[in-house]
Amino acid sequence: MSPLRHLAPMTLAAALFASQALAQDFGVTDSSGTAQAAPVTSTQSAGNVFTFTLRGGVSAAPKFLGSDEYEAGPDLGFSFKHLRLRGVPEIGGDDPWADSYGWDVHGSFRYLGKRDSSSDSALSSLDDIDPTYEVGLGVGYTAEQYEAFADIRRGFGGHEGYVGSVGIDYVVRPSDRWKLTLGPRFIWANDEFLDTYSGIDPDEATTDLPAYDPDGGLVSAGLQFGARYQINDLWGVEGAVTWDNLQGDAADSPIVDEGSNDQFRVRVGVTRVFNLRF
């Protein structure tokens, strides 16, 4: 199925959603699945300020790891920008669109949707997999012309394994409003993750899907291109295209559709700045 016919109405809905989402609590993500934390400064100013951004949009991704069919879904994100409280050190800067250079420690979040075996006849013998929320921490470094990160997350729900991801981007700013990024992505996971999404238990096995017991290791290696355009002080548009090539035991799983080692993901959404003063 092609999810592209859903993009226009879903993106419009996301824009309306983002403008009303002040009281909502979203997953902490950016284009790499990471929320960048701003460095601490020593500036002291009167008045309390809390600045953050919310992203709302639409994404298209494989129906399951190794699938050659794609489906549309939401793209939501939160990013902390600035906090100033009376009597304590100030965190971040006044410009929510400016990058914070240097090292940071950040939260990392990723959502993996449910795998419903009834939706694909080839998987009818396999157990369903519940949605998974991956939560963890990471470190990053941002410079004028490059950004790098390394994250580790634990799954809750469909899988309870550990997943690590690293990436580095080359950054280009054609103008004050544009930011373009391009760089490699690598994802590792332990046995429990691979058993959940790539393994086949003996009681699930069929002639077409023989029993398979994968080991943890490198899951995928790929490349991501990202773009962000600042419309004005409050609004922006951003998106990313990611290519992942399945590796190791993940690529060898009988669940992977023929010729589907290459997995693509696309997301596009609008970003809104919120500046709370109290």
Would you say the side-chain atoms of [X] pair up with the backbone N or O of [Y], donor to acceptor, closer than 3.5 Å?
X	Y	result
R115	G158	no
D99	Y101	no
Q247	N245	yes
W97	D233	yes
E238	G269	no
R177	Y229	no

What is the minimum heavy-atom distance between [X] and [Y], and which atoms define it?
X	Y	value
S165	I187	CB-CG1, 4.2 Å
S198	A250	OG-CA, 3.9 Å
S67	P62	O-CB, 4.0 Å
L180	P174	CD1-CG, 3.9 Å
L209	A122	CD1-O, 3.1 Å
D195	D213	OD1-OD1, 3.3 Å

Taking side chain as C-beta onward, heavy atoms only, is [X] less than 4.5 Å from [Y]?
X	Y	value
D169	R185	yes
D215	L194	no
R84	D94	yes
Y146	Y141	yes
D127	S117	no

Handout entry: All pairs passing ring pair (Phe, Tyr, Trp, His ring centres under 6.0 Å) where residues 187-213 contributes a residue, at least two apart
Key =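 For residues 187-213: H159-F193, H159-Y197, F193-Y197.
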Handout entry: Listed once per pair and sorted, the ring pair (Phe, Tyr, Trp, His ring centres under 6.0 Å) pairs that draw on residues 112-137, sequence neighbours left out
Key =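 Counting only pairs at least two positions apart or across chains, the ring pair (Phe, Tyr, Trp, His ring centres under 6.0 Å) contacts touching residues 112-137 are Y111-Y133.
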Does one hydrophobic cluster hold both [X] and [Y], with members joined at side-chain heavy-atom distances below 4.5 Å?
X	Y	result
L85	L276	yes
Y70	V256	no
V163	I255	no
F78	L83	yes
Y162	V135	no

Exercise for the section: Would you please test F80 and F52 for ring pair (Phe, Tyr, Trp, His ring centres under 6.0 Å) and show each step? Expected result: CA-CA 5 Å; F80 164 76; F52 60 95; 9.0 Å; no
To the nearest 0.5 Å, what is the distance between [atom1] ([X]) and [atom2] ([Y])?
X	Y	atom1	atom2	value
L246	L65	CG	CG	5.0 Å
N48	F278	CG	CZ	4.5 Å
W235	Q230	CH2	CD	13.5 Å
N275	T53	CG	OG1	12.0 Å
Q263	D68	CD	CG	9.0 Å
T206	I200	OG1	CD1	7.0 Å

[X]/[Y] ion pair, N-O < 4.0 Å:
X	Y	result
R110	D151	no
R265	D244	yes
D257	K63	no

Handout entry: Steps toward side-chain contact (heavy atoms from CB on, under 4.5 Å) verdict (V268, D75)
Key = CA-CA 8 Å; V268 61; D75 170 55; over 6 Å; no
Practice task
Go through the steps for V171 and E144 under the test side-chain contact (heavy atoms from CB on, under 4.5 Å), then give the verdict.
Solution key: CA-CA 7 Å; V171 179; E144 184 175 357; over 6 Å; no
Problem - Verdict with supporting geometry, H82 and E90, side-chain contact (heavy atoms from CB on, under 4.5 Å) - result: CA-CA 8 Å; H82 183 211; E90 188 172 354; 2.5 Å; yes
Handout entry: Residues, nucleotides or ligands: over 12 heavy atoms within 6.0 Å of N232 CG
Key =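 Buried by this count: over 12 neighbours within 6.0 Å.
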Exercise for the section: Hydrophobic side-chain clustering at under 4.5 Å (ILVMFWY, transitive links): who's grouped with V266? Put none if nobody. Expected result: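 For the cluster that includes V266, the remaining residues are V241.
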